[in-house]
Amino acid sequence: EVQLVESGGGLVQAGGSLRLSCAASGFPFDRYSITWFRQAPGNKREAVSCVSDGGRYTWYSNSVKGRFTTSSDYAKNTVYLQMNSLKVEDTAVYYCAASNVVGTSSWFLSSLYDSWGQGTQVTVSS
């Protein structure tokens, strides 16, 4: 059974940091792209970052580039999202998702992911 479990969310002040974790099981983790998405109330789900090809490639949305870093530990089947310089507008539920069909021009398309975690809430206060 494919499972993705996020953790690490919480409440933080603007300018602070959080690290999210996505623990994966039930599939060949190093052969999949793992992407972080987020969704704020009333907004569409937005792709944030992706790690792919055994960690060889990482991609970021413009809204988080330079502030967020995604990394992977294949020994632990876990992907991390280090979030620094957090802003109020980063407040959302963060999800990780897995796909073996995405690439550099499609990693941000949520329709290409068929395995999702349950999400973890990140709240940034002003």
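What's counted below: heavy atoms across the whole structure, side chains too, no hydrogens, waters or symmetry copies.
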Check residues 105-116 and write down every donor-acceptor pair under 3.5 Å in which the side-chain atom is one partner and the other belongs to a residue at least two apart or another chain.
| from | atom 1 | to | atom 2 | distance (Å) |
| --- | --- | --- | --- | --- |
| Ser106 | OG | Gly103 | N | 3.0 |
| Tyr113 | OH | Thr35 | OG1 | 2.6 |
| Tyr113 | OH | Trp107 | O | 2.6 |
| Trp116 | NE1 | Tyr113 | O | 3.2 |

What pairs of donor and acceptor atoms, side-chain ones from residues 46-56 against any protein atom, are under 3.5 angstrom apart with sequence neighbours left out?
| from | atom 1 | to | atom 2 | distance (Å) |
| --- | --- | --- | --- | --- |
| Glu46 | OE1 | Arg38 | NE | 2.8 |
| Glu46 | OE1 | Arg38 | NH2 | 3.3 |
| Glu46 | OE2 | Ser63 | OG | 3.0 |
| Ser52 | OG | Ser33 | OG | 2.7 |

Determine all donor-acceptor pairs shorter than 3.5 Å in which one atom belongs to a side chain in residues 16-29; sequence neighbours excluded.
| from | atom 1 | to | atom 2 | distance (Å) |
| --- | --- | --- | --- | --- |
| Ser17 | OG | Asn84 | OD1 | 2.9 |

Does Tyr95 form a side chain to side chain contact (heavy atoms under 4.5 Å, CB included) with Gln118? I'd like the steps, not just the answer. CA-CA 7 Å; Tyr95 302 88; Gln118 82 289 349; over 6 Å; no
Output, in order, the C-alpha distance, side-chain angles, deciding distance and verdict of side chain to side chain contact (heavy atoms under 4.5 Å, CB included) for Met83 and Val122. CA-CA 10 Å; Met83 306 186 294; Val122 171; 3.9 Å; yes
Set out, in order, the CA-CA distance, both residues' side-chain angles and the distance that settles side chain to side chain contact (heavy atoms under 4.5 Å, CB included) for Thr69 and Tyr60, then state yes or no. CA-CA 8 Å; Thr69 303; Tyr60 298 92; 3.8 Å; yes
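Scanning for side-chain hydrogen bond (donor to acceptor under 3.5 Å, both in side chains) contacts around Tyr74 gives Ser72, with sequence neighbours left out. For Asn62, the side-chain hydrogen bond (donor to acceptor under 3.5 Å, both in side chains) partners at least two apart in sequence or on another chain are Lys65. Evaluation of the side-chain hydrogen bond (donor to acceptor under 3.5 Å, both in side chains) rule for Thr123 yields Gln121 as partners, not counting sequence neighbours. In this structure Arg31 satisfies the salt bridge (Lys or Arg N to Asp or Glu O under 4.0 Å) test with no other residue, sequence neighbours excluded. Remark: Ala14 engages Val124 in a side chain to side chain contact (heavy atoms under 4.5 Å, CB included) (not counting sequence neighbours).
Here the side chains of Trp59 and Thr104 are in contact, with some heavy-atom distance below 4.5 Å. Val79 is listed as a side-chain neighbour of Thr70, based on a closest heavy-atom distance under 4.5 Å. In this structure the side chain of Val2 never reaches within 4.5 angstrom of the side chain of Tyr32, judged on heavy atoms.
Side chain of Arg45 to main chain of Gln39: no donor-acceptor pair is present (N/O by atom type, distance under 3.5 Å, no hydrogens or angles).
From Leu4, atom CG reaches atom CD1 of Ile34 across 6.0 Å, with rounding to the nearest 0.5 Å. Distance check: Glu6 CD to Cys96 SG gives 4.0 Å after rounding to the nearest 0.5 Å.
Within the structure, the salt bridge (charged side-chain N to carboxylate O under 4.0 Å, His left out) test picks out no pair touching residues 69-88 (sequence neighbours left out). Applying the disulfide (SG to SG under 2.5 Å) definition to pairs two or more places apart or across chains, none involves residues 97-126.
Residues Phe37 and Val101 share a single hydrophobic cluster, defined by chaining ILVMFWY side chains whose heavy atoms lie under 4.5 Å apart. Under the 4.5 Å side-chain contact rule for hydrophobic residues, Val64 and Trp36 share a cluster.
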